[in-house]
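Scroll down for the structure; my scribbles are underneath it.
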Amino acid sequence: MDSIKVHNSLKPGGPVPFVPITKGEVSWYACGPTVYDQSHLGHARNYVSTDIIRRILTHYFGFKVKFVMNFTDVDDKIIIKARRQRLLDLEKQKNYTEEEVLELGKAAFRAYAKSNLPDLLEGEGELDVNNYIPRRDAAYGSVLAGGTLTGEGKPGDAEAKLKMHISNMTSAVIAINGNQVFNGADEILLPYLDSLYKETIDTSDQSIFTDLTRYMEGEFTDDMDALNVLRPDVVTRVTEYVPQIAKFVEKVVEKGFAYEAEGSVYFDIGAFEKAGNTYARLRPESRNDKALQEEGEGSLSKSLGGKKGAGDFALWKKSKPGEPYWPSKWGNGRPGWHIECSVMASDVLGSRMDLHSGGIDLAFPHHDNELAQSEAYFCEHGHEHTWVNYFLHMGHLSISGSKMSKSLKNFQTIKDALASTYTARSMRIVFLLGRWNDGVEISPDMRTQADTWEATVNNFFTNTKSLLAEAAGTTAVISDNVKALSISDSKPQEGLRADLEQAKKDVETALTNSFDTPQVMRTIGEIIRKANVHINTHKSDTDLEVVEAVARWITKIVGILGLDANASPPYEGLGWASTAAAANVDPATAVKPYKDVFKAVSSDVQALNLPASDTITSLLSQSPDSEFDSLVAAGVRDPEQLGLAYLRVVSKLRDELRRLATTAPPETKKSILSLSDRIRDFDLTNLGVYLDDRPDQPSLIKFVPAAELIAAREEKSAKDAEKARAKEEARRAREKAEEEKWAKARQRPEDMFKNDERYSEWDAEGVPTKMKDGSEVPKSQMKKLKKEWERQKKAFAEYQARFEESAA
């Protein structure tokens, strides 16, 4: 643990040694979500990557981690969304005529254009739904076609924001033209209604805001659970800390680092720096970025005044009508955004913490302002105070060159992603393949790389368990009994054994190097490749002990990385843990599907008229129940392990059936092969069992997700059907061509040109000699006609030989 290095945003450059305040312990505060909308893949990138580091520190390095995360449930975005939704609901309850609703929609349409797409207002006459499309294309066509506002470089956030506004306007036009203003024009109605009525909302009842935040907090938590993100040890919420925040601000004011102005309180950057402190330590180059400063203050704070310095930021905001409020010595107000984290983190973790983390977009101004106000609060006698030792910033996720963002509406929600294009595991693999502090651009190549890695691991686990079960002849070899990950020292450390030990060292090196998960993933892929080479080149003398050790070590690492939602520390199984095993399903219930197949196959085999076979007789007399009972008594709960006793008999029965089919009478052979195919393609496939038929060897039993096997079966069936359809179409085409051929061949060559109006005379064989106008047929044309005549003569002779002679 002493060799761990991390990328620390407080110290730009390479990784620096990680030395916790208390040996063996880590105090960590992570900035949580602002809960006003559904979480998207950008959030997944942040919180899954954070979870990966937390798991590595806890389960690989053995630290006792105290992980604290907040929910921002007071914020300008929350206020705006909750208030606007309430106003829209109230508006829908009014007794408007159809014309009045349309006028409301058109007024909102013009107001939205004026605020967000001013170029639409240029031109003769007033902007309306009829001239919107041509004006849109004239003003912003280049951006819609993939260009940039400046005409240079690649599209980014500015273009994504513009497209969002255009999309909102286009949807509104469709809604207005369809008399569906209240069903399709929300995005333009919401800001318009807010501009008219925001001060009329009674915010003494804060349920208007808390109803939204509590619901979205629950949605976020569900998303994190679905992504296998560990829950925080401590959760904090701004609404539960407002009195402490006010007291915290009071002390900062008393120390001379903040001032009151017009009912709000601002942090005094000038006074802070004059006292010997450093401001904007994370992003000094951004300290004068007005756009970032305004974003950090929030859209509802633009009208607040009284700042001494342009960069001074709000610790406490005076609440305006239509905003939630709490009492303070400066009057009714609410916390600034940055102050919440300083107060909550310090309350739980004290005046100093090991780690603070969040998305890279929070570095300035949020985290820089957190640092300044916290250090101002805790500093003594003019000496700088270290509030955070290490700042970890997760790289953001981008799509088409712009950051995935709720405000840009260019996001895919986590729920939608998990329901359509990702699993929790595949998404985590994507993030593991990149450095946690680097940006991730979604691309087909990235997805392919992740899918390939996952398939490689899946196949290795499946093959290893199958080989072990086959070699032992019993499931005991892969029972739940914990096995050491180190292999016997009695054999020399060479070949695959040496490769495994080197892989362990490489992973240790990667994880100590600022949690270099891409290198870990490459190492796992490489050791699997070497294990597969060993298996394929040592078919008769595979070192199963070391192959098993490789599989168990990989199981441990992928468990630590959070890739197996059903597994628990210390991750000492083999392969992915099953859902049923994790749920501790009753063994008899778990094994019933396998037992039912065993009974059905045994009955069907007995019903066949088979040649004499001692093997069949012996297998049908066996009962796997005793082996099942032994496993249950040993504490095994994995359905695959429990079912293997029954599957092994089924597989051996099928192998013997296939052997007998080679010498069986035709009708019996047909029945045998039909049953053999059904066992493989339906009985076992539906259970998630694949039989790998091997020449001159027993079939190898492999557990593969049933959905994958069924999908493969259906795909094969579809391909076979398509092949049969194409074959039938080709047959029909041949028949049609044959019919047309003989229909044409039936004509005597003497008659083939007689009805051609281009000619007026023919010779004795029916070949034209004169054109319609009485002129001689040109020599070149005559040559062509004679060739056609000869072909028809030959075809007619073939027709006579085939049909007339056979008829005679």
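All residue numbers in this chain count up from 1 along the given sequence.
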[X] (side chain) donor-acceptor with [Y] (main chain) under 3.5 angstrom:
| X | Y | value |
| --- | --- | --- |
| R334 | E323 | no |
| R352 | N389 | no |
| W436 | S514 | yes |
| R281 | L371 | no |
| N46 | H396 | no |
| Y241 | D347 | no |
| S357 | L392 | no |
| K64 | G24 | no |
| K415 | D222 | no |
| R428 | L561 | yes |

Atom [atom1] of [X]: over 12 foreign heavy atoms under 6.0 Å:
| X | atom1 | answer |
| --- | --- | --- |
| K318 | NZ | no |
| K11 | NZ | no |
| K92 | NZ | yes |

Side-chain heavy atoms of [X] within contact of [Y], under 4.5 Å:
| X | Y | result |
| --- | --- | --- |
| M353 | V68 | no |
| D223 | H43 | no |
| M446 | V430 | yes |
| L418 | L227 | yes |
| Q412 | I442 | no |
| D564 | R425 | yes |
| W28 | L349 | no |
| L300 | R83 | yes |

Inset, instruction - Using the six-membered ring of Y197, assess whether NZ or CZ of K94 lies under 6.0 Å from its centre and within 45 degrees of the ring axis. - result: yes
Inset, instruction - Tell me whether the guanidinium CZ or amine NZ of R447 lies under 6.0 angstrom from the six-membered ring centre of Y422 and within 45° of its axis. - result: yes
Inset, instruction - May I have the step-by-step check of side chain to side chain donor-acceptor pair (under 3.5 Å) for D76 and S299, ending in yes or no? - result: CA-CA 7 Å; D76 287 25; S299 60; 4.6 Å; no
Inset, instruction - Could you walk me through whether S346 and W387 pass side chain to side chain donor-acceptor pair (under 3.5 Å), step by step? - result: CA-CA 9 Å; S346 299; W387 185 57; 3.0 Å; yes
Ion pair check, [X] and [Y], cut-off under 4.0 Å:
| X | Y | result |
| --- | --- | --- |
| D312 | K307 | no |
| D233 | R54 | yes |
| R237 | E217 | yes |
| D354 | K66 | no |
| D289 | R283 | no |
| E297 | K317 | no |

I need the minimum non-hydrogen distance between [X] and [Y], along with the two atoms involved.
| X | Y | value |
| --- | --- | --- |
| F67 | A30 | CZ-CB, 3.6 Å |
| G42 | L397 | N-CD2, 3.9 Å |
| S204 | Y325 | CB-OH, 3.4 Å |
| P191 | E187 | CD-O, 3.2 Å |
| V242 | P335 | CG2-CG, 4.2 Å |
| Y29 | C341 | OH-SG, 3.3 Å |

Inset, instruction - Specify whether H366 and W337 have parallel, tilted or perpendicular ring planes, treating 30° as the upper limit for parallel and 60° as the lower limit for perpendicular. - result: parallel
Inset, instruction - Look at the aromatic rings of F267 and F257 and report parallel, tilted or perpendicular, splitting at 30° and 60°. - result: parallel
Separation of [Y] [atom2] from [X] [atom1] (nearest 0.5 Å):
| X | Y | atom1 | atom2 | answer |
| --- | --- | --- | --- | --- |
| T210 | D73 | OG1 | CG | 8.5 Å |
| M69 | T50 | CE | OG1 | 10.0 Å |
| I4 | I56 | CD1 | CD1 | 10.0 Å |
| T278 | E273 | OG1 | CD | 7.5 Å |
| L10 | L282 | CG | CG | 5.0 Å |
| M394 | N437 | CE | CG | 8.5 Å |

Quick one about [Y] and [X] (side-chain donor to acceptor, distance below 3.5 Å, no hydrogens or angles considered), yes or no?
| X | Y | value |
| --- | --- | --- |
| D89 | Q85 | yes |
| S342 | E370 | no |
| E340 | N70 | yes |

Legend entry - Qualifying residue for ring-ring contact (aromatic ring centres under 6.0 Å, His included) with H338, from F313, Y266, F248: F313
Inset, instruction - Test side chain to side chain contact (heavy atoms under 4.5 Å, CB included) on L189 and L104 and set out the steps. - result: CA-CA 8 Å; L189 279 174; L104 175 67; 3.9 Å; yes
Legend entry - Partners meeting ring-ring contact (aromatic ring centres under 6.0 Å, His included) with H7 (sequence neighbours left out): none
Legend entry - Which residues share a ring-ring contact (aromatic ring centres under 6.0 Å, His included) with H393, sequence neighbours left out: H367, F391
Legend entry - Trace of the ring-ring contact (aromatic ring centres under 6.0 Å, His included) decision for H165 with Y112: CA-CA 9 Å; H165 290 314; Y112 193 92; 5.5 Å; yes
Inset, instruction - Report the C-alpha separation of W330 and V249 in whole Å, then their side-chain angles, then the decisive distance to 0.1 Å, and conclude whether the side chain to side chain contact (heavy atoms under 4.5 Å, CB included) test is met. - result: CA-CA 11 Å; W330 311 285; V249 174; 3.5 Å; yes
Inset, instruction - Output, in order, the C-alpha distance, side-chain angles, deciding distance and verdict of side chain to side chain contact (heavy atoms under 4.5 Å, CB included) for F18 and V26. - result: CA-CA 10 Å; F18 178 61; V26 175; 3.9 Å; yes
Legend entry - Passing option when F71 is tested against T34, T221, T213 for side chain to side chain contact (heavy atoms under 4.5 Å, CB included): T221
